[in-house]
Enquirer: 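Starting off with a structure, shown below.
Below, chain A is the first sequence line, B the second, and so on; all start at residue 1.
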Protein chains: 2
Amino acid sequence: MANAQTTKLKILDAAEELFADHGFSETSTRQITKKAEVNLASVNYHFGSKNELIQAVIERYLEVLVPNIDVELTGLKNDNPNPTLEEVFSVFIRPILSLNQQRKNGTSILLQLLGRSYTDSQRHMRRFFLGNYGDVVAKFVALVYKAQPGLSPSEIFWRLHFTLGTVVFTMASSDALMDIARADFDEQIAIEGVVKRLIPFIAAGVSAP
Amino acid sequence: MANAQTTKLKILDAAEELFADHGFSETSTRQITKKAEVNLASVNYHFGSKNELIQAVIERYLEVLVPNIDVELTGLKNDNPNPTLEEVFSVFIRPILSLNQQRKNGTSILLQLLGRSYTDSQRHMRRFFLGNYGDVVAKFVALVYKAQPGLSPSEIFWRLHFTLGTVVFTMASSDALMDIARADFDEQIAIEGVVKRLIPFIAAGVSAP
DNA sequence: GTCTATAATAAGATAGAC
DNA sequence: GTCTATCTTATTATAGAC
């Protein structure tokens, strides 16, 4: 076994950062193993292929995040039989921000990864929606519908995808946006600030007339 | 000269489609020249490098689109001294949809390209905002401010970037979304339908309390 | 302007010694 | 599990004949 665990973790840590910053196909296994300070062959030994490494990087986040969102969703349903749309969307805030405790810059790394994987052929993102976590998605959609019963299923579909785009895209470029805000508006904002600015925007969009 | 013009155009046409479908770094010059049915060396002869070809593909759209948006903006200002937010955002509809007359699937191709270029290192998108077309952006922002005077400059900045994310991201995956809508909701929707569904969402988000 | 041939480089992956 | 060395393949780009 030796350092198997730490090597695998070193690869995951290095890979997620490079993927988030530069994208999947723009990041080579050579860059990853160099940054991780492990041998070139270890990526294929531990993960089989670069593609499986990409999967593993995303899965490591989702398998923590999605159960947390699930807990929030059931908590909201119990505490509040008729939550507002803004309350429904807020179920994401705590789980997503708590990724920062789990790993440095965890929040923005995951969201950047989601942004990348959505445009980069969409394979991994579809997995997120229709794959293992479909029941949590359904639970969330049901709450949206309850908070905004006027919307048809097709309208909910479109507006939730608009929402997804807003969030993922914003977060994929959050570093640049925070820099501009700092320079142009003297606004010292962190990732939490961005998330909290997003919620009213999204809630208003989804409940638009 | 010979077929210079048609070769160059054939390359641009093939490239824009491949870039929109698969991304910039996932598309090789070999694929482009094969699809265009021209010689491999012609990309470098006519454009210098693959990167300059990417620029040329995007520029060909923007140099038509941005002046049209400018016309709409001044038209709106003259016709309507106090336009609503929804009217302000609607200035994009006609110019963007008219790209379909210019070239088959022009609308979705450009918007997919913008989606790609935003995450793919953001170089081309920044050009769009801060480069040659900065005055048109400023004109648009001024109209947004007039329609929604309660918003601070910093709030406008954030909300317009949220908007940008919504649009670009949606359009980058519009084909997939239209397919799902067709399959799941029996909804025969074209790109115009997506654009028109986006406007209320965006307008509500920007004017959120 | 167009073509073939090829250079130069970088990629993912693996065989086999330790 | 880890390492070196290497294979195979694909890339962008260019030199030089036509």
Side-chain angles (χ1 to χ4, degrees), chain A residues 1-60 113 116-117 119-124 127, chain B residues 1-60 113 116-117 119-124 127:
Chain A
M1 40 131 238
N3 287 15
Q5 198 60 10
T6 80
T7 296
K8 214 171 164 179
L9 285 176
K10 277 197 240 172
I11 292 173
L12 285 170
D13 289 346
E16 69 171 25
E17 218 170 302
L18 290 167
F19 287 152
D21 283 354
H22 307 118
F24 300 113
S25 48
E26 290 80 3
T27 302
S28 67
T29 53
R30 287 181 157 78
Q31 291 174 275
I32 294 167
T33 52
K34 189 181 173 187
K35 186 184 175 85
E37 295 178 308
V38 300
N39 187 270
L40 170 63
S42 54
V43 164
N44 283 298
Y45 177 80
H46 286 287
F47 297 95
S49 69
K50 184 186 168 184
N51 258 319
E52 287 166 285
L53 171 60
I54 296 175
Q55 298 286 349
V57 164
I58 296 179
E59 287 287 333
R60 183 165 69 144
L113 289 176
R116 300 273 178 207
S117 54
T119 42
D120 284 16
S121 84
Q122 305 193 337
R123 264 166 307 174
H124 313 103
R127 246 197 165 189
Chain B
M1 40 126 234
N3 286 13
Q5 198 60 11
T6 81
T7 296
K8 215 171 164 177
L9 286 177
K10 277 197 239 174
I11 292 172
L12 285 169
D13 288 345
E16 70 172 24
E17 218 171 300
L18 290 167
F19 286 153
D21 282 354
H22 308 118
F24 299 114
S25 48
E26 290 80 3
T27 302
S28 67
T29 53
R30 285 184 153 77
Q31 292 173 272
I32 294 167
T33 52
K34 190 181 173 186
K35 187 184 175 85
E37 296 178 307
V38 300
N39 188 270
L40 171 64
S42 54
V43 163
N44 283 299
Y45 178 80
H46 285 288
F47 297 94
S49 69
K50 184 186 166 183
N51 258 320
E52 286 166 284
L53 171 60
I54 295 175
Q55 297 287 350
V57 165
I58 296 179
E59 287 287 332
R60 184 166 67 144
L113 289 175
R116 301 271 176 208
S117 53
T119 41
D120 285 17
S121 84
Q122 305 191 337
R123 264 166 305 172
H124 313 104
R127 244 196 167 190

Enquirer: In this structure, how many angstroms lie between the C1' atom of dT2(C) and the CD1 atom of Ile11(B), rounded?
Expert: 11 Å

Enquirer: Of the options Lys8(A), Arg60(A), Lys35(A), which is the one that meets Asp13(A) in a side-chain contact (heavy atoms from CB on, under 4.5 Å)?
Expert: Arg60(A)

Enquirer: Partners of Lys34(B) by salt bridge (charged side-chain N to carboxylate O under 4.0 Å, His left out), sequence neighbours excluded?
Expert: none

Enquirer: Taking atom P of dA13(C) as reference, at what distance in whole Å does atom NE2 of His46(A) sit?
Expert: 15 Å

Enquirer: Using atom OH of Tyr45(A) as one end and atom C1' of dA17(C) as the other, report the distance to the nearest whole Å.
Expert: 15 Å

Enquirer: Leu53(B) CG to dA13(D) C1': how many Å, rounded?
Expert: 14 Å

Enquirer: So, is Thr7(B) near the phosphate of dG1(C), with a side-chain N or O under 4.0 Å from OP1 or OP2?
Expert: no

Enquirer: Classify Thr27(B) by what it touches in the nucleic acid, base, sugar-phosphate, or nothing, heavy-atom distance under 4.0 Å.
Expert: sugar-phosphate

Enquirer: Take atom CG of Asn39(B) and atom P of dT2(C), then tell me their distance rounded to the nearest Å.
Expert: 9 Å

Enquirer: Hey, could you give me the NE2/CD distance between His22(A) and Glu17(A), rounded to the nearest 0.5 Å?
Expert: 9.5 Å

Enquirer: Could you tell me whether Ser42(A) contacts a base, only the sugar-phosphate backbone, or nothing, with contacts defined as non-hydrogen atoms closer than 4.0 Å?
Expert: nothing

Enquirer: Would you mind telling me which of dA13(D), dT4(C), dG12(C) lies closest to the side-chain atoms of Thr29(A)?
Expert: dG12(C)

Enquirer: Just how far, in rounded Å, is P of dT9(C) from CZ of Arg30(A)?
Expert: 15 Å

Enquirer: So which nucleotide from dT2(C), dA13(C), dA13(D) ends up closest to the side chain of Leu40(B)?
Expert: dA13(D)

Enquirer: Return yes if some donor-acceptor pair links the side-chain N/O of Ser42(B) with the main-chain N/O of Tyr45(B) below 3.5 Å, else return no.
Expert: no

Enquirer: Compare the minimum distances between each of dT4(D), dA13(D), dT4(C) and the side chain of Ser49(B), then state the nucleotide with the smallest one.
Expert: dA13(D)

Enquirer: Measure from the side-chain heavy atoms of Ser28(B) and tell me the nearest of dT14(D), dA13(D), dT11(D).
Expert: dT11(D)

Enquirer: Starting from P on dG12(C), measure out to CZ on Phe47(A) and report it in whole angstrom.
Expert: 15 Å

Enquirer: Taking CG from Asn44(A) and P from dA13(C), how many angstroms apart are they, rounded to a whole number?
Expert: 5 Å

